[in-house]
Amino acid sequence: MVKIKLPDRNVLEYSRRVRPLDIAADIGPRLAKATIAAVADGQLLGADTLLPSEGEIEFRLLTKKDPEALDVMRHSCAHVMARAVMRLFDGVQLAFGPTVDNGFYYDFYCEHPLSDADFPKIEAEMARIVKEDGPFERIEEPREKAIQLCTELGQTLKVEHIQEGLADQETVSFYRQGEFLDLCRGPHVPSAGAIGAFKLLSVAGAYWKGDASKQQLQRLYGTAWFDKKDLEEHLQRLEEAKRRDHRVLGKQLELFLIDPEVGSGLVLWLPKGATIRRELEGFIYGELIKRGYQPVYTPTIGRVHLYETSGHYPYYADSQFPPIEMSDGDRYLLRPMNCPHHIRIYQSKPRSYRDLPLRIAELGLVHRFEQSGEISGMTRVRGFTQDDAHIFCTEDQVADEFRGCLDMTQFVLSTLGLNDYRVRLSFRDPKSDKYVGDPANWDKAEAALESVCRDLGLPNLEIEVGEAAFYGPKADFVASDCIGREWQLGTVQLDYNLPGPERFNLEYIGPDNQPHRPVMIHRAPFGSLERFTGMLIEHFAGAFPLWLAPEQARVVVVSQKFEEYARRVEQTLREAGLRVSGDYRPEKIGAKIRDAQLALVPYMLVIGGREQENGTVALRDRIDGDLGALAVQEVIEKLKAEIAERKTRQAN
RNA sequence: GCUGCUGUAGCUCAGUCGGUAGAGCGCGUCCUUGGUAAGGACGAGGUCAUGGGUCCGAAUCCCAUCAGCAGCUCCA
């Protein structure tokens, strides 16, 4: 006798082994038809999986309305896609076909190089399979039989996987759908007809089991939804992301440039982008100073010996620009990080516990030779400016310093309208021996970091054991932009390595008049100005809030007759510290407004006969439109107030 | 770095079977002087990414290099 406990607290009892589908049918025929899969004691099952005949089971049926069902359906859709590809092309070797956020992919080897030109054909074949509505049948086989089966099917990757990846399994499961048989854990939808609207999105390379030394495969990405409407909304979201792409907007709005003649992954900030950056820098420095950081400036190169001491050279030799060899044999490295320079500042004189915490900050330009395939726009580059600072403090000060870093990050992100972010705490794996420093210090530090995060009531706090750097625990900031995409921004890292005797051997004199070792905190809460600006471009879709806008206001004249007065107005605003330009072309007013609108200028100052006569301007808001006539001084005050407040209005 | 795709005017892109280069926007000049998202006319702009090759002839076909895009792998 098995007791099936349903979510509505009803309990069904069976004396035989039943399938979720049988249970659904006992509840009602409509439910049976709608059932996609089930969850039994937290485990996702196919609708035709036999349940045990004994015990109690917390049981839940999944229909289209349940998010887990969508995942099951996408997995089935991946199978249908693979089946379609096998029907269309010869010699297909199946690898893996899992689901991912919003979709799925399938990796396979196929001699025919797939391109998006093949998509309509594959989609048509998939549609045919869905229409045929063939059932997904689960088959369990002992390992030996399964290996034989896959060998017969010529699926050598699957054979390898059973032999290596599934070596500990007694039996393995297959799913059959017509002529298509695939090694798969499942579950799947009952039949292909349950698959809703789908679309293939892209094709890319992938390696067998993610290992670059192994076989290169082709990966087909697709998305699937129960409703056509959901699919369309998803495709629209992808379009929206494309429209906001900082690489496109950066070119369109003349914010930055990447020139092959200068080098791949090296950003040239154009005047408008540089203006945004200067505002951000001013804002960040202002906060740092308020919070007791001291600015320093240090060079972008240093002697290789310095990086040998830090241990980063030659460990990261592959991802650094090679050293510069001098005629006297000295060698210099383009710095890949700022910490060694800051450490030398710490070491420039004896330090007392009274000096701690010492916080030194620099927007430090560093260079790393990222792999060519890794480079993208402003977000993955070879030269970037970290909003870096190093805090040298005592063990006891770690928690407060960490709290300060979180607090500053929170403040700056919220100023930019990024209120949705999470912190990922990475701790060591106590079983591993790859970590440096005293385990007792680690325990203390990890507990301190966690309690700070709990105190601050951070939502979505995650703790990842085994993800810490070898030299200390760290916290990473992941912010969501206004369309819900996540950006890994910066990091706060405790460091027991660089201050240690093997490295720089840092000291301070304690109250006991004895030398002690400080703890070092590396923190770059926004990562880099390049990456952060790239993210902001996408977050605001190029329409920056007034305080950041490269062009804050544009004077537009109704006719050239009013140019003289308008130029005086423009100059008055400029002298008041506003970034203003004037459009005096012999164009119609509608055209000038349209151009300013498309250039995402926050305010337009429309000037015609009436304004000239009254000494006013007609203010036009990019978002709200015509605000009517105002005295020039009123406009200046209004804009300056909005700037001082660092107000963010609707992102787009 | 690997796999696939792409590279044509400042920008977005078209260019058939290999026969010697096109559009829209932008830009310039002139006309128009206007009231809140496109006034009109004319004009200038290209070593078809770079370097080789095949061919009577290459933007077009082949190879290499560089760069970009989608992924994969890596990331102090």
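To find a chain, count down the sequence lines: A is the first, B the second, and so on, and within it residues start at 1. Quick caveat: nothing in here was measured; it's all calculated off a predicted structure.
Remark: A:Arg247 is in phosphate contact with B:A70, judged by side-chain N or O atoms under 4.0 Å from OP1 or OP2. In this model, the phosphate group of B:G68 is approached by a side-chain N or O of A:Ser264 to a distance below 4.0 Å at OP1 or OP2. Distances shorter than 4.0 Å separate some side-chain N or O of A:Lys251 from OP1 or OP2 on B:U12. Of the side-chain N and O atoms in A:Arg219, none sit less than 4.0 angstrom from OP1 or OP2 of B:A70.
Residue contacts for A:Ala469: at a heavy-atom cut-off of 4.0 Å it reaches no nucleic acid atom on any strand shown. A:Glu254 comes within 4.0 angstrom of nothing in the nucleic acid, heavy atoms only. Among the heavy atoms of the strands, none lies under 4.0 Å from A:Gln386. When heavy atoms are screened at a 4.0 angstrom cut-off, A:Ile589 is found touching the sugar-phosphate backbone but no base atom. Using a 4.0 Å heavy-atom criterion, one finds that A:Gly311 contacts no nucleic acid atom at all.
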Once base and sugar-phosphate atoms are separated, protein heavy atoms under 4.0 Å mark nucleotides 38-49 of chain B, 5' to 3', with B, S and - as BB----------
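In this structure, of B:A76, B:G35, B:U73, it is B:A76 that holds the atom nearest to the side chain of A:Gln493. With distances taken from any side-chain atom of A:Val558 to the nucleotides B:A37, B:G35, B:U33, the minimum falls on B:G35. For A:Ile375, taking side-chain heavy atoms from C-beta onward, the closest of the listed nucleotides B:A37, B:G68, B:A76 is B:G68. Of the listed nucleotides (B:C74, B:G35, B:A76), B:A76 has the atom at the smallest distance from the side chain of A:Arg368.
Side chain to side chain, A:Gln347 and A:Arg344 meet the donor-acceptor criterion of an N or O pair below 3.5 Å. For the residue pair A:Tyr471 and A:Gln493, a side-chain donor N or O sits within less than 3.5 Å of a side-chain acceptor on the partner. Side-chain contact check for A:Glu362 and A:Asn338: no donor-acceptor pair (N or O, by modelled atom type) lies under 3.5 Å.
Taking atom P on both nucleotides, B:G68 is separated from B:U29 by 36 Å, rounded to a whole Å. Spacing of C1' atoms, B:G19 relative to B:C13, comes out at 24 Å, to the nearest Å. A distance of about 32 Å separates the P atoms of B:G18 and B:C2, rounded to the whole Å. Remark: the separation of the C1' atoms in B:A38 and B:G46 is 27 Å, to the nearest Å. Between B:C27 and B:G45, the distance separating the two C1' atoms is 9 Å to the nearest Å. The gap from the P atom of B:G39 to that of B:A44 amounts to 24 Å, rounded to the nearest Å. Nucleotides B:A21 and B:G15 place their C1' atoms 8 Å apart, quoted to the nearest Å. Rounded to the nearest Å, the gap between the P atom of B:G52 and that of B:A59 is 14 Å.
Taking 3.5 Å as the limit, the base of B:C75 and the side chain of A:Tyr316 contain no donor-acceptor pair of atoms between them. For B:U36, the base has no donor-acceptor partner in the side chain of A:Gln597 [N/O atoms by modelled type, under 3.5 angstrom]. In terms of polar N and O atoms assigned as donor or acceptor, the side chain of A:Tyr207 never comes within less than 3.5 Å of the base of B:G4 in a complementary pairing. A donor-acceptor contact under 3.5 Å links the side chain of A:Arg380 to the base of B:C75. Judged by atom type and distance alone, A:Ser319 reaches the base of B:A76 through a side-chain donor-acceptor pair under 3.5 Å. No N or O donor and acceptor, one from the side chain of A:Glu374 and one from the base of B:G71, sit under 3.5 Å apart.
When the C1' atom of B:G10 is taken as reference, atom CG of A:Asp259 falls 14 Å away, rounded to whole Å. In this structure, CG of A:Asn102 is placed 13 Å from P of B:G71, rounded to the nearest angstrom. Atom NZ of A:Lys592 is separated from atom P of B:U32 by 16 Å (rounded to the nearest Å). Separating the CG atom of A:Leu257 from the P atom of B:G10 is a distance of 14 Å, rounded to the nearest angstrom. The CD atom of A:Gln371 sits 13 Å away from the P atom of B:A76 (whole-angstrom rounding). If you take CD of A:Gln320 and P of B:G1, they are 17 Å apart, rounded to a whole angstrom. At whole-Å resolution of the value, CG in A:Leu201 and C1' in B:C72 are 17 Å apart. Taking atom CG of residue A:Asp583 and atom P of nucleotide B:A37, one finds them 15 Å apart after rounding to whole Å.
Counting heavy atoms of neighbouring residues, nucleotides and ligands inside a 6.0 Å radius, atom CZ of A:Arg579 exceeds 12 of them.
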Report the secondary structure of RNA chain B in dot-bracket form, marking unpaired bases with a dot and bases paired to a different strand with |, and treating Watson-Crick or G-U pairs with both distances under 3.5 Å as paired. (((((((..((((.....[..)))).(((((.......))))).....(((((..]....))))))))))))....
Show me the donor-acceptor pairs within less than 3.5 Å that the side chains of residues 249-266 of chain A make with the rest of the protein, sequence neighbours left out.
from: A:Asp259; atom 1: OD1; to: A:Glu261; atom 2: N; distance (Å): 3.0

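Applying the 90° cutoff around 0 to the glycosidic angle, B:G51 is assigned anti.
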Go through the steps for A:Arg244 and A:Glu240 under the test salt bridge (charged side-chain N to carboxylate O under 4.0 Å, His left out), then give the verdict. CA-CA 6 Å; A:Arg244 290 166 172 269; A:Glu240 176 67 13; 2.8 Å; yes
Stepwise side-chain hydrogen bond (donor to acceptor under 3.5 Å, both in side chains) check, A:Glu570 with A:Ser581: CA-CA 7 Å; A:Glu570 186 189 337; A:Ser581 72; 6.0 Å; no
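Relative to the six-membered ring of A:Phe104, A:Arg74 misses at least one condition, a distance below 6.0 Å or an angle of at most 45° to the axis. A:Arg531 forms no cation-pi arrangement with A:Phe526, by the criterion of a distance under 6.0 Å to the ring centre and an angle within 45° of the ring axis.
Ranked by how close their nearest RNA chain B nucleotide is to the 5' end, A:Met337 and A:Gly377 are led by A:Gly377. Where A:Glu611 and A:Asp245 each meet RNA chain B at their nearest nucleotide, the meeting point lying more 5' is that of A:Glu611.
Of all heavy-atom pairs between A:Asp626 and A:Arg620, the closest is N-CG, 4.0 Å.
Put simply, A:Tyr221 does not rest on the base of B:G71: the two rings are not both less than 5.5 Å apart at their centres and under 30° in tilt.
With hydrogens and angles ignored, the 3.5 Å screen pairs a side-chain donor or acceptor of A:Glu538 with a backbone N or O of A:His246. Side chain of A:Trp442 to main chain of A:Val436: a donor-acceptor pair is present (N/O by atom type, distance under 3.5 Å, no hydrogens or angles). With A:Glu160 contributing its side chain and A:Gln155 its backbone, the two residues share no donor-acceptor pair below 3.5 Å.
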